[in-house]
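Following: one structure in structure tokens, then a few remarks.
Each residue takes its place number in the sequence, starting with 1. These numbers come from the heavy atoms of this one structure, side chains and all, not from hydrogens, waters or symmetry mates. Fair warning: this is a prediction, and the values are worked out from it, not measured in the lab.
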Amino acid sequence: MSYYAPSYPPAGYGGGGYNIAGGPPPVPGADPALWGRFSSVDTDRDGAITATELQSALANSDLSPFDIDTIKLLMDFFDHDRDGMIGFEEFQRLSRYIKDWQNVFRHFDRDRSGTIDGSELRSALSRFGYNLNPRLLQLVQRKYANTPDYRGIVPTGISFDRFVRACVVVKQLTETFQRLDVDNDGWIQVDYDQFMSTVLSLP
């Protein structure tokens, strides 16, 4: 079976539904559980959620919240009117996107640890068509490695939310490089490895 990095619009490993009353879904045929989940984090009941509220709705398999940088990435993809919030219809599309990534994550999490290690990351990126050399792969691992939990313990590997962000960033950087590499010779003003190293070294 072929696996591709899900395309963002034209991630458990995510949290489940909440049994909180919020009235019927505003969209005919919408999943009541998904609406309940949306309503549970829409604390001011304005029909839209902020990045902070979205973070409350999404969790990794160990129940840790999504990293705020991943939340910002998702908001950037799905906040089409750029008002800093997403409505329920946007939330539905975001949830489908997360589910697509969950399937990818489960496929490459071969040891069922709930995180992605170096060899699993290499396998995933290679399957997506991104064959990073060992130095760049190690740099990606370090950049997206898990942070200490509330006990001060650093889980090994890369969590689901950080795996999504890592794959999306590598995809975006590669596509940017390819657009600039008009003669397709692997060079722009710097070579590919220097370009990736420079960008991935940024905060």
Side-chain angles (χ1 to χ4, degrees), residues 3-109 114-116 121 124-125 127-128 130 140 143-144 146-147 158-176:
Y3 276 81
Y4 301 92
S7 298
Y8 47 85
Y13 313 144
Y18 294 85
N19 187 22
I20 295 181
V27 180
D31 180 356
L34 194 61
W35 170 243
R37 181 173 163 194
F38 179 85
S39 299
S40 73
V41 298
D42 179 19
T43 54
D44 55 7
R45 296 294 185 264
D46 62 354
I49 58 176
T50 64
T52 301
E53 290 171 329
L54 178 61
Q55 189 177 32
S56 299
L58 302 174
N60 293 297
S61 60
D62 62 356
L63 301 183
S64 63
F66 275 27
D67 186 270
I68 190 61
D69 288 328
T70 303
I71 294 296
K72 290 176 180 178
L73 180 74
L74 294 171
M75 290 291 292
D76 185 57
F77 286 171
F78 291 92
D79 177 18
H80 297 304
D81 54 9
R82 297 293 183 250
D83 64 352
M85 300 184 291
I86 60 173
F88 181 63
E89 290 190 44
E90 294 167 321
F91 184 70
Q92 288 184 107
R93 290 192 289 271
L94 184 152
S95 296
R96 288 193 293 269
Y97 181 69
I98 292 291
K99 287 182 183 297
D100 288 342
W101 271 111
Q102 287 173 340
N103 292 331
V104 171
F105 186 87
R106 291 186 181 108
H107 176 76
F108 289 106
D109 180 20
T115 60
I116 294 292
L121 178 64
L125 292 176
R127 187 70 67 87
F128 298 154
Y130 310 124
V140 173
K143 184 174 180 64
Y144 297 101
N146 290 327
T147 55
I158 298 174
S159 61
F160 169 69
D161 62 315
R162 287 171 174 260
F163 171 72
V164 172
R165 193 163 90 249
C167 292
V168 169
V169 168
V170 169
K171 177 178 184 289
Q172 290 178 327
L173 291 174
T174 301
E175 290 176 347
T176 298

(message) Return the CG to CD distance between D44 and E53, rounded to the nearest 0.5 Å.
(response) 5.5 Å

(message) Donor-acceptor check, side chain of R162 to backbone of D67, threshold 3.5 angstrom: yes or no?
(response) no

(message) Can you tell me how far apart CZ (F160) and CZ (R106) are? Round to the nearest 0.5 Å.
(response) 8.0 Å

(request) To the nearest 0.5 angstrom, please state how far the NZ atom of K72 sits from the CZ atom of R165. (result) 10.0 Å

(request) For V104 and F128, run side-chain contact (heavy atoms from CB on, under 4.5 Å): C-alpha distance rounded to whole Å, both residues' side-chain angles, the deciding distance at 0.1 Å, then the answer. (result) CA-CA 11 Å; V104 171; F128 298 154; 3.6 Å; yes

(request) With rounding to the nearest 0.5 Å, note down the distance linking CD1 in I158 to CZ in F105. (result) 9.0 Å

(message) Just to verify, what does S159 make a side chain to side chain donor-acceptor pair (under 3.5 Å) with, not counting sequence neighbours?
(response) N146, D161

(request) For D79 and G84, work out which heavy atoms get closest and say how close. (result) OD2-N, 2.8 Å

(request) Find the distance between CZ (F78) and CG (L94) and round it off to the nearest 0.5 Å. (result) 4.5 Å

(message) Keeping S40 on the side-chain end and R37 on the backbone end, is there a donor-acceptor pair under 3.5 Å?
(response) yes

(message) Taking the side chain as everything from C-beta on, heavy atoms only, tell me whether D109 gets closer than 4.5 Å to I116.
(response) yes

(request) Say whether, by atom type as modelled, one donor and one acceptor occur between the side chain of Q172 and the main chain of V169 under 3.5 angstrom. (result) no

(request) Would you check if V140 and Y130 make a side-chain contact, meaning some heavy-atom pair closer than 4.5 Å? (result) no

(message) If I take atom CG from residue L74 and atom CZ from residue R93, how far apart are they, to the nearest 0.5 angstrom?
(response) 13.5 Å

(request) Using the ring pair (Phe, Tyr, Trp, His ring centres under 6.0 Å) rule, take F163 and F108 through it: C-alpha gap first, then chi angles, then the decisive distance, then the call. (result) CA-CA 11 Å; F163 171 72; F108 289 106; 7.0 Å; no

(request) With sequence neighbours left out, write down each residue that passes side chain to side chain contact (heavy atoms under 4.5 Å, CB included) with I71, or none if nothing qualifies. (result) A51, L54, Q55, L58, F66, I68, M75

(request) Using the test side chain to side chain donor-acceptor pair (under 3.5 Å), find all partners of S64 that sit at least two apart in sequence or belong to another chain. (result) N60, D62

(message) Restricting to salt bridge (charged side-chain N to carboxylate O under 4.0 Å, His left out), what partner residues turn up for D76, sequence neighbours left out?
(response) R82

(request) Could I get the full list of ring-ring contact (aromatic ring centres under 6.0 Å, His included) partners for Y144, not counting sequence neighbours? (result) none

(request) Return the set of residues passing salt bridge (charged side-chain N to carboxylate O under 4.0 Å, His left out) with D42 (not counting sequence neighbours), or none when no residue passes. (result) none

(request) Determine yes or no for a side-chain-to-main-chain donor-acceptor pair under 3.5 angstrom, with N103 supplying the side chain and H107 the backbone. (result) no

(request) Quick one: sort the F38 and W35 rings into parallel, tilted or perpendicular, breaks at 30° and 60°. (result) parallel

